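Below is one structure; the comments refer to it alone.
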Amino acid sequence: MQLLKDRILKDGVVKPGNVLKVDSFLNHQMDIAFINELGKEFKARFASQPITKILTIEASGIGIACIAAQYFHVPVVFAKKAQSINLDGEMYTSKIESFTHKKVYDVIISKKFLTPEDHVLIIDDFLANGCALIGLIDIVNKSGAVLEGAGIVIEKGFQSGGQRIRDMGVHLESLAIIDHMTDSEVCFR
Ligand code: G4P
């Protein structure tokens, strides 16, 4: 998506460790008119899928998912990150081992909000090694819902997540895929 690539080139900042900061417009301060265009693009890319629910993970995915959801006219459910979980049978859980954040955490979703009747689109801001996305896919599978696809704003194509998700047969749409980055430039695929 050219609008997104242009914005990353204009306002993105590359930090040591192959981290791209986009916090001036996407995941800290949020440019709503701009993110609205991302929402329309997600709708266009998944227009033929019978989506009933958008699923994301706290924190940064929530705002983006909510704006996109207005074009799908469906609710947003976000997975909560939990340090310790009380397994009372009312929650779907999955363990996520984040390489990026170097920690392990559980994500939980109430069984009330994901059922076998649902057709789910997962939306998130970044795809790096894909651990968060794989955790969400695991929960969709446990719920019996149909996974219609995953929409990602920025895929770091030089990390393994995109390949892992596509190899699972998931319909993955990334609005920008970064091929490589250096201190001074970001190159797209
Ligand atoms: P992982 O398997 O390496 O852990 O990567 P994953 O794709 O699951 O992404 C893990 C988290 O790291 C995500 O945040 C993602 O947004 C963030 N992340 C990865 N690479 C970058 C990057 O280059 N720039 C920025 N800004 N974030 C990056 P999260 O767990 O969803 O947490 P939150 O930030 O939404 O709270």
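As a basis for the values below, the full set of heavy atoms in this structure was taken, side chains included, without hydrogen atoms, waters or symmetry mates. No experiment lies behind these values; they were computed from the predicted model shown. Each ligand, and each atom within it, is numbered from 1 in the order the structure gives.
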Quiz item: Tell me: protein heavy atom nearest atom 15 (C) of ligand 1, and distance?
Solution: Phe126 CB, 3.6 Å
Self-check item: Identity of the nearest option to atom 32 (O) of ligand 1, non-hydrogen atoms only, from Met181, Lys21, Lys81, His28
Solution: Lys81
Exercise. Please verify whether a non-hydrogen atom of Val22 lies at under 4.0 Å from ligand 1.
Key: no
Self-check item: Selected option - heavy-atom contact closest to atom 24 (N) of ligand 1, from Leu20, Asn27, Ile152, Asp125
Solution: Leu20
Quiz prompt | Ile64: which of Asp124, Leu26, Thr56 passes side chain to side chain contact (heavy atoms under 4.5 Å, CB included) | solution = Leu26
Exercise. Check which hydrophobic residues are tied to Phe78 through side-chain heavy-atom contacts below 4.5 Å, counting indirect links as well, and list them.
Key: Ile62
Quiz prompt | Any Lys15 heavy atom less than 4.0 Å from ligand 1 | solution = no
Self-check item: Partner of Glu148 under side-chain hydrogen bond (donor to acceptor under 3.5 Å, both in side chains), chosen from Gln49, His119, Lys53
Solution: His119
Quiz item: Is ligand 1 less than 4.0 angstrom away from at least one heavy atom of Gly161?
Solution: no
Exercise. May I ask you to establish whether Lys142 and Tyr92 are in a cation-pi arrangement, using a distance under 6.0 Å from NZ or CZ to the six-membered ring centre and at most 45° from the ring axis?
Key: no
Exercise. Could you tell me whether Glu97 and ligand 1 have an N or O pair separated by under 3.5 Å?
Key: no
Quiz item: Is Asn18 in contact with ligand 1, taking contact as a heavy-atom separation below 4.0 Å?
Solution: yes
Exercise. Among all protein heavy atoms, pick the one closest to atom 12 (O) of ligand 1 and tell me residue, atom and distance.
Key: Thr100 CG2, 3.4 Å
Self-check item: Contacting atoms of ligand 1, where contact means under 4.0 angstrom from a heavy atom of Cys131
Solution: 2 (O), 8 (O)
Practice problem: Report the residues that fulfil side-chain hydrogen bond (donor to acceptor under 3.5 Å, both in side chains) with Glu173, sequence neighbours left out, ordered by chain and then residue number. | Solution: Arg45, His171
Quiz item: Does CG in Asp167 sit with more than 12 non-hydrogen atoms of other residues, nucleotides or ligands closer than 6.0 Å?
Solution: yes
Quiz item: Please state which protein non-hydrogen atom is closest to atom 20 (N) of ligand 1 and give its distance, to 0.1 Å?
Solution: Lys156 NZ, 2.9 Å
Quiz item: Any heavy atom of Phe78 sitting closer than 4.0 Å to ligand 1?
Solution: no
